[in-house]
Amino acid sequence: MNHNAQIILDAIIESDEHMTAEQIHMLLRDSGNNISLATVYNNLGKLCEQGNIRKVCVAGYPDRYDKVVKHDHLICRKCGKLSDISFSDLTGFLQSQTDEEILSYDLQVSYICPDCRKKEQKEQERKDVGK
Ligand SMILES: [Zn+2]
Ligand SMILES: [Zn+2]
């Protein structure tokens with residue numbers, strides 16, 4: 001693995017965030033790596049192909065990159081924030097629903113994150129006061 005791929009992989013493994021290519025680029029630049037955004041994109045593509053990281057796609061938001069260790073995601077419907085969660089393995093259940101062999105599944109569960117929930121509550125309170 002080339003040096004750039006290695007530092008990108010390390011950044012993703014060490015982070016609990018779900019970073020976009022731009023965020024990874026900024027993080028690496030901030031820690032003194034002279035690396036271009038194009039190089040970051042290139043290496044992210046390769047790391048995905050090699051199965052070292054995974055790409056998380058949510059419609060309406062930029063792609064984010066994540067560790068490959070098995071986990072699922074809660075996705076905030078308001079701000080698009082991803083939170084890690086581990087549901088029990090559904091492979092057996094899903095397998096029972098189909099005759100074909102299930103290779104993997106990718107579960108994305110929508111919710112409203114605590115931050116957005118708080119904001120909503122505040123707005124509601126403001127409205128109530130104005131009544
Ligand atoms: Zn949110
Ligand atoms: Zn994740």
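Start at 1 and go down the list; that is how both ligands and their atoms are numbered.
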Does any part of the side chain of Leu82, heavy atoms only, come nearer than 4.5 Å to the side chain of Arg64, both counted from C-beta? yes
What one should report as the nearest heavy-atom pair of Arg54 and Val69 is NH2-O, 3.8 Å
Would you check, one step at a time, whether the test side-chain hydrogen bond (donor to acceptor under 3.5 Å, both in side chains) holds for His73 with Asp106? CA-CA 9 Å; His73 288 124; Asp106 189 3; 5.4 Å; no
With 2.8 Å as the limit, count the protein N, O or S atoms near the Zn ion (ligand 2). 5
Please check if any side-chain donor atom of [X] sits under 3.5 Å from a side-chain acceptor atom of [Y], or the reverse.
X: Tyr65; Y: Thr20; result: no
X: Tyr105; Y: Gln95; result: no
X: Gln6; Y: Asn2; result: no

Taking everything shown except Arg29 itself, do over 12 heavy atoms lie less than 6.0 Å from its CZ? yes
Count the heavy atoms belonging to other residues, nucleotides or ligands that lie under 6.0 Å from CD of Gln23, then report whether that count exceeds 12. yes
Are Val68 and Leu9 grouped together when hydrophobic residues (ILVMFWY) are joined by side-chain heavy atoms under 4.5 angstrom apart? no
With a cut-off of 2.8 Å, which protein N/O/S atoms are close to the Zn ion (ligand 1), if we only count those under it? Cys76 SG, Cys79 SG, Cys113 SG, Cys116 SG
